[in-house]
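Comments concern the structure below.
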Amino acid sequence: MKKAMIIANPSSGKEEAQGYVEKIQHQLANIGYTTDIRLTSQAGDAAAWSAEAAAARLDMVVSIGGDGTLNEVVNGLAEKEHRPTLGVIPLGTVNDFARALQVPLEPAEAMAVIGRARLQKADVGKVNERYFLNIVALGDIAESAAVVSPEKKTALGSFAYFLEGGKGLVNKQPVTISVTADEEEWKGEALLFLAALTNSVGGFESVAPDAEVHDGKLHCFIIRKASLPKLVRMTANLLKGELNEDPDVVYFRTSRVKVASEALLKANVDGDIGSGLPLTLEVLPRHIEVWVP
């Protein structure tokens, strides 16, 4: 029989995760899988257990939770000799990775494709020694968005990130950064550096609309120092999916980029505060296989 590990965050989805654990366990048993169930209780659990699943050469890992749980699962799987296929049951506020792969946001519908539909290869990003699935960002907007309270996330969803990030853009000062990529070098004052791996960032699918989950590229944006009217224009362009065409935005695609600054900045990595600068970002192309419709 095939073997699967189910990793669930019991606090996700208004504490509905346990019910989906039982349902996916039953579903997988019907198609020939034995299952090992793990419920997280602290940060690092999901990463450790998915690494254990890779070492044991299990056939599948199922992540039940939000983007944070999924990020940990992928951090456990990335660059392992054997990587189980990945099933995603999204129970988070935003679920960017599920959106990008068109995994249904309704958990019951997402569950139905696991082990039954098709596998899609997807890129994984690497930032220093950590892995990510959606975004790495630098600047006050990035740090503001990373500390959105659970209450605001629940009440406002994706808009909570937009609201907190907007405060950062309007009220904070730019910093000097240097960016070096395959064919791009830039140094100057910026409000935000953003590297998107998928087309969904904070629930908005118009930030990098051309990004594909398997294109092997980071879609990078440098938001220059700008006045409030220019920021309003940028916001309009973002919502239209035309941020890359804004005259105060530097946009480029690359497979590897380095970012440095003398300022004390920390990265926002998939919604959580990560390491400080300097950063080296790269793409591990088509690195994992995900169950999709």
Side-chain angles (χ1 to χ4, degrees), residues 2-14 16-28 31 33 35-40 45-47 49-51 53-54 58-78 80 83-125 131-135 157-158 196-203 205 211-214 269-272 284 286-293:
K2 294 182 179 180
K3 297 180 180 180
M5 180 180 289
I6 301 169
I7 299 175
N9 179 350
S11 64
S12 293
K14 299 179 181 179
E16 296 176 348
Q18 183 63 51
Y20 289 109
V21 168
E22 296 169 1
K23 292 175 182 177
I24 191 63
Q25 182 185 30
H26 181 71
Q27 174 179 308
L28 292 176
I31 56 176
Y33 283 83
T35 52
D36 181 4
I37 297 171
R38 308 288 180 94
L39 302 180
T40 64
D45 281 349
W49 292 336
S50 59
L58 269 59
D59 298 284
M60 182 192 302
V61 170
V62 178
S63 173
I64 304 178
D67 285 330
T69 302
L70 186 56
N71 175 279
E72 278 205 25
V73 168
V74 170
N75 267 266
L77 298 179
K80 298 297 190 294
R83 294 183 291 279
T85 62
L86 177 62
V88 179
I89 300 178
L91 295 181
T93 304
V94 178
N95 304 305
D96 273 323
F97 190 65
R99 290 174 185 271
L101 275 88
Q102 300 183 333
V103 171
L105 299 183
E106 169 55 48
E109 295 177 15
M111 183 178 65
V113 309
I114 296 173
R116 292 174 167 170
R118 67 183 180 91
L119 288 166
Q120 168 70 60
K121 291 184 182 294
D123 298 338
V124 170
Y131 305 93
F132 66 99
L133 288 170
N134 297 299
I135 181 176
S158 301
L197 200 59
T198 72
N199 69 332
S200 184
V201 177
E205 298 178 25
E212 300 283 350
V213 295
H214 51 67
V269 180
D270 279 354
D272 292 321
L284 306 177
R286 302 169 68 87
H287 194 65
I288 55 173
E289 290 188 300
V290 186
W291 289 98
V292 300

For a quick test of reading the model, state the closest non-hydrogen atom pair linking [X] to [Y] and the distance between them.
X      : Y      : value
Ala4   : Leu58  : C-CD2, 3.9 Å
Gln27  : Met111 : NE2-O, 2.8 Å
Pro107 : Tyr20  : CB-CZ, 3.5 Å
Gly115 : Ile31  : O-CD1, 3.6 Å
Ala46  : Thr69  : CB-O, 4.1 Å
Val21  : Ala8   : CG2-CB, 3.5 Å

With sequence neighbours excluded, residues passing side-chain hydrogen bond (donor to acceptor under 3.5 Å, both in side chains) with Asp67: none

Nearest 0.5 Å please: distance from the [atom1] atom of [X] over to the [atom2] atom of [Y].
X      : Y      : atom1 : atom2 : result
Glu289 : Lys121 : CD    : NZ    : 4.0 Å
Thr198 : His214 : OG1   : NE2   : 12.5 Å
Leu197 : Phe97  : CG    : CZ    : 8.0 Å
Arg116 : Ile114 : CZ    : CD1   : 10.0 Å
Asn199 : Glu212 : CG    : CD    : 7.5 Å
Ile24  : Ile6   : CD1   : CD1   : 6.5 Å

Under the 3.5 angstrom rule, does the side chain of [X] hit a backbone N or O of [Y] as a donor-acceptor pair?
X      : Y      : value
Asp272 : Val269 : no
Asp59  : Lys3   : yes
Ser50  : Val73  : yes
Asn75  : Ala47  : no

Taking side chain as C-beta onward, heavy atoms only, is [X] less than 4.5 Å from [Y]?
X      : Y      : result
Val62  : Met5   : no
Ile89  : Ser63  : no
Thr85  : Trp291 : yes
Leu133 : Leu70  : yes
Leu284 : Tyr131 : yes
Leu39  : Gln18  : yes
Met60  : Lys2   : no
Asn9   : Leu91  : no

Side chain to side chain contact (heavy atoms under 4.5 Å, CB included) partners of Asp45, counting only residues at least two apart: Thr40, Ser41, Gln42, Trp49

Qualifying residues under side chain to side chain contact (heavy atoms under 4.5 Å, CB included), relative to Ala54, sequence neighbours excluded: Leu77, Lys80, Pro84

CA sep, side-chain torsions, deciding dist, call: Val113, Val292, side chain to side chain contact (heavy atoms under 4.5 Å, CB included): CA-CA 6 Å; Val113 309; Val292 300; 5.8 Å; no

Atom CD of Glu106 with >12 non-hydrogen neighbours under 6.0 angstrom: yes

From CA spacing to verdict: side chain to side chain contact (heavy atoms under 4.5 Å, CB included), Leu86, Val74: CA-CA 9 Å; Leu86 177 62; Val74 170; 4.1 Å; yes

Residue pair Val290, Leu119: steps toward the side chain to side chain contact (heavy atoms under 4.5 Å, CB included) verdict: CA-CA 5 Å; Val290 186; Leu119 288 166; 6.0 Å; no

Arg83/His287 under side chain to side chain contact (heavy atoms under 4.5 Å, CB included): CA gap, chis, key distance, verdict: CA-CA 9 Å; Arg83 294 183 291 279; His287 194 65; 3.4 Å; yes

